[in-house]
Trainee: 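Below you'll find the structure I mean.
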Amino acid sequence: MYGLAVGLRCGAVFIYLVLLGVVPARADQPLPVEFIEVAPRGSDLEIELTGTLEALDTVELGFREGGRVTEILVSEGDHFAKNQVLGRIDPLQLQQALNVASASLDAARATEDQARQAAERAQAMLDRGVGTRAARDTARQELSAAETEAQQAQSTLDQARRSVENTELRAPFDGVVTSRTGEPGQVVGAAQSVLSLAANDGVEAVFMTPDLVFLNDAMGESIALSTLDIAAPPMTGTVTEISPLVDPTTGSVRVRAKVSEVPGELDLLGASVRGRLKLSTGEAFEIPWTALTSGEGAPSVWVVRDGKAELRAVEIERFDDESVLLSGGVEAGEVVVGAGSQKLYPGRPVVAGDKS
């Protein structure tokens with residue numbers, strides 16, 4: 001009874017569909033589907049990056065001698081010229097060491113003069129026959145020792161003089177102060193950073209981007225730049241560096257682009273910037289995402305051959321909005337199935353029909 005009821009119900013549904021004019025196609029009848037002719041197109045890839053503007057050359061500057069800071073003469077954002085004094089440490093102890101070294105050199109030179117006179121007298125007496133070779137040799141040895149002591153005293157004085165000069169912190173180039181970490185009264189060690197400086201010789205945009213397949217093709221390419229948080233004219237840069245290493249924390253790659261011309265470039269340091277980069281990746285075949293399916297675990301499409309559907313594996317280059325770009329598996333002029341591909345099986349007859 002149950003089987004009879006099911007059969008009656010199915011028959012009623014079929015009669016209802018016939019009355020509506022909607023009769024399911026039999027498997028041996030051609031299925032109306034969307035036909036799409038495969039044609040190559042340029043597969044230019046546009047990459048959008050976000051980063052910051054930084055100086056091409058930067059340096060952390062500190063005093064060569066340790067001591068107590070007495071002056072820091074610049075602040076963050078200040079411009080400076082090469083060799084300009086930027087700060088000082090207390091020179092008292094170093095000046096005292098310089099005075100001692102100077103006095104030691106004077107004493108060593110006086111000893112040297114006396115030893116030279118003694119050596120000359122010993123040689124003269126030997127020449128007249130009233131002296132001995134031993135006395136002359138002893139005088140020469142004392143002169144050599146005095147000369148060595150004088151040379152060492154001169155070296156010590158030179159070092160003490162440089163140490164006093166190093167109590168002044170001088171700019172190594174023209175540029176701007178990007179940060180200041182040292183303050184008057186602070187005791188710093190030798191080479192401890194007190195100022196961060198940016199050279200006045202160029203600006204670059206620094207980006208962190210995912211490790212994209214075609215990223216290496218960007219080397220040397222032009223990139224359009226625009227600032228995000230401040231008003232500035234559009235700029236253009238050239239990609240100069242793509243890091244070969246991926247940051248293990250963020251999974252991103254550092255990209256650097258030298259900016260060709262920057263208006264008031266040093267005032268833009270640290271500004272956020274957007275970069276747009278177009279890469280030409282050759283030609284590909286574009287199909288709608290509805291045409292993409294899977295066969296034996298691989299991306300595939302239904303290709304129409306002799307009026308029948310044939311499943312074929314394809315190679316995907318990338319996904320775009322509402323479309324897929326293929327790099328292999330199909331050829332120009334072939335026809336693939338778009339809408340309606342979910343109803344197909346290998347060898348099923350198909351005809352061109354309306355999109356559904």
Side-chain angles (χ1 to χ4, degrees), residues 51-105 153-206 225 227-233 235 237 240-241 254 256-273:
T52 57
L53 293 176
E54 299 180 6
L56 277 174
D57 295 318
T58 59
V59 66
E60 299 292 324
L61 197 64
F63 294 96
R64 294 185 178 180
E65 303 289 337
R68 183 177 62 85
V69 178
T70 57
E71 292 180 294
I72 297 293
L73 303 174
V74 290
S75 298
E76 184 173 335
D78 288 350
H79 294 254
F80 55 81
K82 184 177 181 180
N83 291 325
Q84 178 179 332
V85 177
L86 306 179
R88 294 186 177 92
I89 59 173
D90 189 352
L92 179 59
Q93 292 183 348
L94 296 175
Q95 184 61 53
Q96 291 175 345
L98 176 61
N99 296 337
V100 171
S102 180
S104 297
L105 177 61
Q154 180 65 59
S155 178
T156 301
L157 177 62
D158 293 341
Q159 179 61 45
R161 185 176 291 114
R162 286 193 295 269
S163 295
V164 172
E165 293 173 352
N166 289 338
T167 60
E168 291 185 339
L169 190 63
R170 293 183 176 272
F173 44 66
D174 296 343
V176 65
V177 179
T178 56
S179 69
R180 166 176 161 170
T181 56
E183 297 297 336
Q186 178 181 354
V187 177
V188 297
Q192 179 180 337
S193 176
V194 294
L195 292 171
S196 296
L197 310 180
N200 189 13
D201 61 355
V203 171
E204 65 180 356
V206 181
L225 304 170
T227 52
L228 297 176
D229 48 4
I230 58 177
M235 296 167 284
T240 57
E241 178 184 332
R254 178 177 287 103
R256 298 181 183 271
K258 183 177 180 180
V259 183
S260 55
E261 294 184 6
V262 180
E265 55 188 34
L266 292 178
D267 295 331
L268 292 179
L269 293 181
S272 298
V273 64

Trainee: With sequence neighbours left out, what residues match Ala101 under side-chain contact (heavy atoms from CB on, under 4.5 Å)?
Mentor: Thr156, Leu157, Ala160
Trainee: Can you sort out the partners of Gln96 under side-chain contact (heavy atoms from CB on, under 4.5 Å), two or more places apart, ordered by chain and number?
Mentor: Leu92
Trainee: Are Ile89 and Val69 packed together at the side-chain level, in the sense that at least one heavy-atom pair is separated by less than 4.5 angstrom?
Mentor: yes
Trainee: Looking only at non-hydrogen atoms, find the nearest pair between Val188 and Phe63 and report the distance.
Mentor: CG2-CD1, 4.2 Å
Trainee: Is the backbone N or O of Thr181 less than 3.5 Å from a side-chain atom of Ser193, with the two atoms forming a donor-acceptor pair by type?
Mentor: no
Trainee: Indicate every side-chain donor-acceptor pair of residues 172-179 with a distance under 3.5 Å to a residue at least two apart or in another chain.
Mentor:
residue, atom, partner, partner atom, Å
Asp174, OD1, Lys82, N, 2.6
Thr178, OG1, Ser196, O, 3.0
Ser179, OG, Ser196, OG, 2.9

Trainee: Checking Ser102 side chain against Leu98 main chain: does a donor-acceptor pair fall under 3.5 Å?
Mentor: no
Trainee: Does any pair with a residue in residues 86-97 pass salt bridge (charged side-chain N to carboxylate O under 4.0 Å, His left out), and if so which ones, sequence neighbours excluded?
Mentor: Arg68-Asp90, Glu71-Arg88, Arg88-Glu168
Trainee: Which value, rounded to the nearest 0.5 Å, describes the distance between Leu56 atom CG and Glu204 atom CD?
Mentor: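 These two atoms lie 5.0 Å from each other.
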Trainee: How long is the gap from CG on Leu195 to OG on Ser75, to the nearest 0.5 Å?
Mentor: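 These two atoms lie 9.0 Å from each other.
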Trainee: How long is the straight-line distance from CG of Asp229 back to OG of Ser272, given to the nearest 0.5 Å?
Mentor: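 Interatomic distance, Ser272 OG to Asp229 CG, rounded to 0.5 Å: 4.5 Å.
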Trainee: How long is the straight-line distance from CG of Asn99 back to CG of Leu94, given to the nearest 0.5 Å?
Mentor: 11.0 Å
Trainee: For Asp158, check side chain to side chain donor-acceptor pair (under 3.5 Å) against everything at least two apart and list the hits.
Mentor: Gln154, Arg161
Trainee: Does any part of the side chain of Val194, heavy atoms only, come nearer than 4.5 Å to the side chain of Gln186, both counted from C-beta?
Mentor: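 In short, these two side chains do not touch, never coming nearer than 4.5 Å.
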Trainee: Can you tell me which residue pairs pass the salt bridge (charged side-chain N to carboxylate O under 4.0 Å, His left out) test with a partner in residues 56-66, sequence neighbours excluded?
Mentor: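 Qualifying pairs, neighbours excluded: none.
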Trainee: Return the minimal non-hydrogen interatomic distance between Ala198 and Ala55, and the atom names on each side.
Mentor: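 It is CB-CB, 3.4 Å.
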Trainee: Taking side-chain contact (heavy atoms from CB on, under 4.5 Å) as the test, write out the residues that go with Thr52, two or more places apart.
Mentor: Glu54
Trainee: Are side-chain heavy atoms of Leu268 and Val203 found at a separation under 4.5 Å?
Mentor: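 Side-chain contact under 4.5 Å: no.
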Trainee: With Ser260, which residues qualify under side-chain contact (heavy atoms from CB on, under 4.5 Å), at least two apart?
Mentor: Thr236
Trainee: Quick check on Arg254: does its CZ atom have over 12 non-hydrogen neighbours (other residues, nucleotides or ligands) under 6.0 Å away?
Mentor: no
Trainee: Which residues satisfy the salt bridge (charged side-chain N to carboxylate O under 4.0 Å, His left out) test with Glu183, sequence neighbours excluded?
Mentor: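 Expected list: Arg180.
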Trainee: For the atom pair CG (Asp78) and CD1 (Ile72), what is the distance rounded to the nearest 0.5 Å?
Mentor: 12.0 Å
Trainee: Can you name the closest pair of heavy atoms from Phe80 and Leu197 and give their distance?
Mentor: CE2-CD2, 3.6 Å
Trainee: Kindly give the heavy-atom pair with the smallest separation between Leu225 and Gly237, and that separation in Å.
Mentor: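 So the two residues come closest at CD1-N, 4.0 Å.
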Trainee: Please report the interatomic distance CD(Gln84) to CG(Leu169), rounded to the nearest 0.5 Å.
Mentor: 11.0 Å
